[in-house]
Amino acid sequence: KSGPEGDLLRNAGLTLMRVVVHYSGSKYALPALMEVAVVHAYIDRQDKARELYDRVKMGLEKDDTLKEDEFMRKRLQ
């Protein structure tokens, strides 16, 4: 995507990745990574989105506290 909407999406993705990188042990890291995957899917980067969804799934296997989260379940289907 280009223009203001594309800029907004890129900024959102970068902001969310800061959570993933700087607070990787936080309970917010996996949901933030999930949102980054959603951003990639929206900007037609399906390859990267799938890779990120797979990382989220692996993270959930290690820490299942978010498995029952409605948002996470819907996005991973």
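What's counted below: heavy atoms across the whole structure, side chains too, no hydrogens, waters or symmetry copies. Source: prediction; values computed, not measured.
For Ser26, the side-chain contact (heavy atoms from CB on, under 4.5 Å) partners at least two apart in sequence or on another chain are Tyr23, Tyr28. With sequence neighbours left out, the salt bridge (charged side-chain N to carboxylate O under 4.0 Å, His left out) criterion links Arg45 to Asp47.
One distance of note links CG of Leu52 with CG of Leu16; it measures 11.0 Å at 0.5 Å rounding. Going from atom CE of Met34 over to atom CZ of Arg55 covers 12.5 Å, rounded to the nearest 0.5 Å. Atom OH of Tyr53 and atom NE2 of His40 lie 11.0 Å apart (nearest 0.5 Å).
When all heavy atoms of Ala49 and Ala37 are compared, the closest pair comes out as CB-O, 3.4 Å. Residue Ser24 comes nearest to Ala29 through the heavy atom pair O-CB, 3.6 Å, listed as atom of the first residue, atom of the second, then distance.
Side-chain contact between Leu33 and Met17 is present, with at least one heavy-atom pair separated by less than 4.5 Å.
When the side chains of ILVMFWY residues are joined at heavy-atom separations under 4.5 Å, either directly or via intervening members, Val21 and Leu30 end up in a single hydrophobic cluster. Linking Ile, Leu, Val, Met, Phe, Trp and Tyr residues whenever their side-chain heavy atoms come within less than 4.5 Å leaves Leu60 and Val19 in two separate clusters.
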